Amino acid sequence: MKTIQIINGPNLNLLGKREPDVYGSLDFDAYLGRLRSSFPDDDIRYFQSNSEGALIDMIHEAGFEVDGIILNAGAYTHTSVALHDAIKAVAAPVVEVHISNVHAREEFRRKSMISAACKGVIAGFGLDSYRLAVEALKNVTER
């Protein structure tokens, strides 16, 4: 059994409503139920905040307790050295996730401030990116 913390950043509370052509029409709570059903033996926890400080606090809190973190930092991906430093400070491996293919979008989305601190990056598979990240973390034994 693995314990995995999903951390979603700004505007991801609007999934299902926000730009459905980019992010899909399913809200995250509905998807989370499906994800947990796919991994019944694992403890998949969920946290979302629009605040950078709250995301950092959750990384600090979970980063020494869980087996892995899935982080979709939203727009903070492209701007936050503080999130990069928080990821580096904790023991748990972190997988950076993006619902859309950020490399096929605006130029500013192609630069991640957090990728170098993460174990890996999964992008462009819609909400299924989270399932792929869970599978990756289930196979990781160290950072």
Side-chain angles (χ1 to χ4, degrees), residues 1-105 109-143:
M1 176 177 179
K2 294 275 187 173
T3 301
I4 297 171
Q5 176 71 57
I6 296 172
I7 301 174
N8 274 348
N11 301 309
L12 292 166
N13 56 306
L14 297 177
L15 287 175
K17 299 174 187 169
R18 174 188 176 211
E19 298 179 81
D21 55 317
V22 175
Y23 299 105
S25 58
L26 188 64
D27 68 54
F28 198 80
D29 287 335
Y31 175 74
L32 185 58
R34 294 181 189 177
L35 185 64
R36 286 176 172 151
S37 293
S38 297
F39 299 96
D41 296 330
D42 298 305
D43 179 13
I44 298 176
R45 301 172 183 180
Y46 179 62
F47 176 80
Q48 187 279 327
S49 178
N50 294 315
S51 168
E52 182 179 25
L55 299 174
I56 292 166
D57 289 343
M58 180 51 73
I59 292 169
H60 291 173
E61 180 182 323
F64 295 100
E65 297 178 0
V66 301
D67 296 301
I69 296 172
I70 297 169
L71 175 61
N72 184 338
Y76 291 131
T77 299
H78 318 291
T79 62
S80 183
V81 173
L83 282 173
H84 171 102
D85 290 349
I87 293 164
K88 288 183 70 171
V90 299
V94 177
V95 174
E96 176 184 345
V97 164
H98 299 284
I99 296 166
S100 67
N101 178 354
V102 293
H103 300 286
R105 297 184 64 197
R109 294 187 195 276
R110 298 175 191 166
K111 172 68 175 158
S112 171
M113 298 298 289
I114 65 173
S115 292
C118 292
K119 181 72 174 174
V121 179
I122 298 172
F125 295 97
L127 290 174
D128 201 39
S129 295
Y130 292 89
R131 179 190 59 81
L132 295 169
V134 171
E135 290 182 8
L137 284 171
K138 286 176 66 69
N139 293 311
V140 170
T141 56
E142 62 184 54
R143 186 162 199 205

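For the numbers below, each heavy atom of this structure counts, side chains included, while hydrogens, waters and symmetry mates do not. Position 1 is the first residue of the sequence, and the numbers go up from there. In this text, all values refer to a predicted model and were calculated from it rather than measured experimentally.
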Donor-acceptor pair between Ser80 and Glu52 side chains, under 3.5 angstrom: yes

In residues 34-41, what donor-acceptor pairs under 3.5 Å come from side-chain atoms, sequence neighbours left out?
from  : atom 1 : to    : atom 2 : distance (Å)
Arg36 : NE     : Ile44 : O      : 2.8
Arg36 : NH2    : Ile44 : O      : 2.9
Ser37 : OG     : Gly33 : O      : 3.0
Ser38 : OG     : Arg34 : O      : 3.1

Could you work out, with salt bridge (Lys or Arg N to Asp or Glu O under 4.0 Å) as the rule, every residue matching Arg131, not counting sequence neighbours? Asp128, Glu135

Distance only, no hydrogens: is a donor on one side chain within 3.5 Å (strictly under) of an acceptor on the other, for Asn8 and Tyr130? yes

Test item: His84 side-chain N/O and Met113 main-chain N/O as donor-acceptor pair under 3.5 Å: yes

Under 4.5 Å between any side-chain heavy atoms of Ile99 and Ser129, yes or no? no

Does any part of the side chain of Leu137, heavy atoms only, come nearer than 4.5 Å to the side chain of Asp67, both counted from C-beta? no

Hits for salt bridge (Lys or Arg N to Asp or Glu O under 4.0 Å) against Asp57, two or more places apart or cross-chain, chain-then-number order -> none

Side-chain donor/acceptor of Thr77 to backbone N/O of Gly74, under 3.5 Å: yes

Rounded to the nearest 0.5 Å, what separates atom CD1 in Ile114 from atom CD1 in Ile87? 4.5 Å

Pairwise side-chain contact, Ile6 with Phe47, heavy-atom cut-off 4.5 Å (strictly under): no

Using 4.0 Å as the upper bound for N to carboxylate O, is an ion pair formed by Lys2 and Asp43? no

Is it true that a side-chain atom of Gln48 and a backbone atom of Gly9 form a donor plus acceptor pair closer than 3.5 Å? yes

Side-chain touch Val134/Ile70, heavy atoms, less than 4.5 angstrom: yes

Measuring only between side-chain heavy atoms, which start at C-beta, is Ile122 closer than 4.5 Å to Glu96? no

Sequence neighbours excluded, which residues qualify as ring-ring contact (aromatic ring centres under 6.0 Å, His included) partners of Tyr46? Phe28

I need the minimum non-hydrogen distance between Ile59 and Ala86, along with the two atoms involved. CG2-O, 3.7 Å

Test of understanding: with side-chain contact (heavy atoms from CB on, under 4.5 Å), list the residues that count as partners of Ala62, not counting sequence neighbours. Gln5, Met58, Val66, Ile69

Side chains of Glu65 and Thr3: donor-acceptor distance under 3.5 Å anywhere? no

Only counting residues at least two apart or in another chain, list the ones meeting salt bridge (Lys or Arg N to Asp or Glu O under 4.0 Å) with Asp29. none

Are any non-hydrogen side-chain atoms of Val97 and Leu71 less than 4.5 angstrom apart? no

Within the distance-only criterion (no hydrogens, no angle test), does the side chain of Tyr76 pair as donor or acceptor with the backbone N or O of Pro10 below 3.5 angstrom? no

Closest approach of Leu55 to Ser49 (non-hydrogen atoms, all atoms of both residues): CD2-O, 3.8 Å

Search all heavy atoms of Val94 against all heavy atoms of Cys118 and return the closest pair with its distance. O-CB, 3.3 Å

